[in-house]
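Keep in mind the model is a prediction, meaning the values are calculated, not measured. In this chain, numbering begins with 1 at the start of the sequence shown.
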Amino acid sequence: MDPLSHLVLGPALVSALPRRSTRPAFRRGSGVAAALGALAPDIDAVFMPAGWDLYLRVHEIGTHSLLGTVPLALATARSEEHTSELQSH
């Protein structure tokens with residue numbers, strides 16, 4: 001998927017979730033967090049200048065694998081949490 005599709009899909013999924021009165025509303029910025037989370041796997045683009053072979057290895061083994069998904073998701077969640085803390089002050 002290209003980055004533009006990632007950018008659109010994340011917030012679209014958040015907006016498609018049902019909002020029930022029994023569940024607290026999504027926090028402000030959930031769409032932005034979803035967009036960042038959807039773009040996070042493409043962080044490997046920083047390896048492109050080092051060569052296509054290295055980029056593809058990092059892309060397939062690192063950020064776009066089941067093994068790479070966990071640390072990437074944790075890092076994205078932590079950065080969103082940190083951003084939310086900064087905005088609340």
Side-chain angles (χ1 to χ4, degrees):
M1 214 186 300
D2 66 288
L4 182 59
S5 299
H6 282 205
L7 188 63
V8 171
L9 185 62
L13 289 174
V14 168
S15 66
L17 292 173
R19 295 194 172 118
R20 297 185 180 129
S21 58
T22 58
R23 187 173 58 185
F26 288 105
R27 291 188 306 181
R28 203 175 87 189
S30 294
V32 172
L36 290 176
L39 284 172
D42 288 330
I43 192 75
D44 55 15
V46 298
F47 289 100
M48 281 183 181
W52 193 249
D53 292 344
L54 177 63
Y55 163 73
L56 284 179
R57 257 185 271 136
V58 171
H59 183 80
E60 293 172 352
I61 297 170
T63 61
H64 282 73
S65 69
L66 291 176
L67 185 62
T69 300
V70 174
L72 191 59
L74 291 173
T76 303
R78 180 64 188 132
S79 68
E80 194 282 323
E81 185 179 271
H82 180 70
T83 303
S84 295
E85 288 173 4
L86 291 175
Q87 289 176 353
S88 66
H89 294 292

- Item | Heavy-atom pair with the smallest gap, counting every atom of H6 and A38 |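 The answer is ND1-O, 2.8 Å.
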
- Considering all heavy atoms, the nearest P41-H64 contact: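 What the structure gives for the nearest pair is O-CE1, 3.2 Å.
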
- Hey, what do you get for CG (L4) to CG (L39), rounding to the nearest 0.5 Å? 9.5 Å

- Message: Under 4.5 Å side-chain heavy-atom separation, chaining through any Ile, Leu, Val, Met, Phe, Trp or Tyr, what else clusters with F47? Say none if it is isolated.
- Response: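 Hydrophobic cluster check, F47: joined to V46, M48, W52, L54, Y55, L56, V58.
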
- Item | Contacts of type side-chain contact (heavy atoms from CB on, under 4.5 Å), residue A35, not counting sequence neighbours |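 With sequence neighbours excluded, A35 shows a side-chain contact (heavy atoms from CB on, under 4.5 Å) to L7, P11, given in chain and number order.
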
- Message: Among residues at least two apart in sequence or on other chains, which ones pass side-chain contact (heavy atoms from CB on, under 4.5 Å) with I43?
- Response: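 side-chain contact (heavy atoms from CB on, under 4.5 Å) list for I43, sorted by chain: T63, L72.
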
- Message: Please check if the number of heavy atoms outside L74 that lie under 6.0 Å from its CG is greater than 12.
- Response: yes

